[in-house]
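Everything below concerns the one structure shown next.
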Amino acid sequence: ASDWSSDVCSSDLAVVDGDAKVHVIGCASIVAKVVRDRLMRRLASRHPGYGWERNSGYGTNDHLDALRALGPTPHHRELMATHQLGLPLF
């Protein structure tokens, strides 16, 4: 069996601090963050109380407190909810 990635990508190069050094990586990083922030605001309107409109999904103390109080949603990562916080997954 052949590795399909060798047909698609001829080489890979890791660039430390790539978003600061390579223009297209920086642009992609900005686009990804804008899209993430928009999605998090939409999720916040559907699942109030988790602070997603403020924390962009990062595990801030307020968000973790809300997760413990409200429980996880289908949008929470299983690893965070079940293993790190010991909560049942919805």
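For the pair L13 and V15, the minimum side-chain heavy-atom distance is below 4.5 Å. A 4.5 Å side-chain heavy-atom check between Y50 and N55 finds every atom pair outside the cut-off.
Ring centroid separation for the pair H76 and H47 does not come in under the 6.0 Å cut-off.
Under a 3.5 Å cut-off, the side chain of H63 and the backbone N or O of G51 do not form any donor-acceptor pair.
Taking all atoms of both residues into account, the shortest heavy-atom contact from D37 to S56 is OD1-OG, 3.0 Å. Listed here is the closest heavy atom pair of G49 and A66: O-CB, 3.1 Å.
Environment of CZ in R36: crowded, with over 12 heavy atoms of neighbouring residues, nucleotides or ligands closer than 6.0 Å.
Taking OG1 from T73 and CZ from R46, the interatomic distance works out to 11.5 Å, rounded to the nearest 0.5 Å. The distance from the CG atom of L70 to the CG atom of D65 is 10.5 Å, given to the nearest 0.5 Å.
Residues V31 and L39 share a hydrophobic cluster, clusters being chains of Ile/Leu/Val/Met/Phe/Trp/Tyr side chains in contact below 4.5 Å.
In this structure, W52 and H75 have perpendicular ring planes: the angle between them is above 60°, well past the 30° mark.
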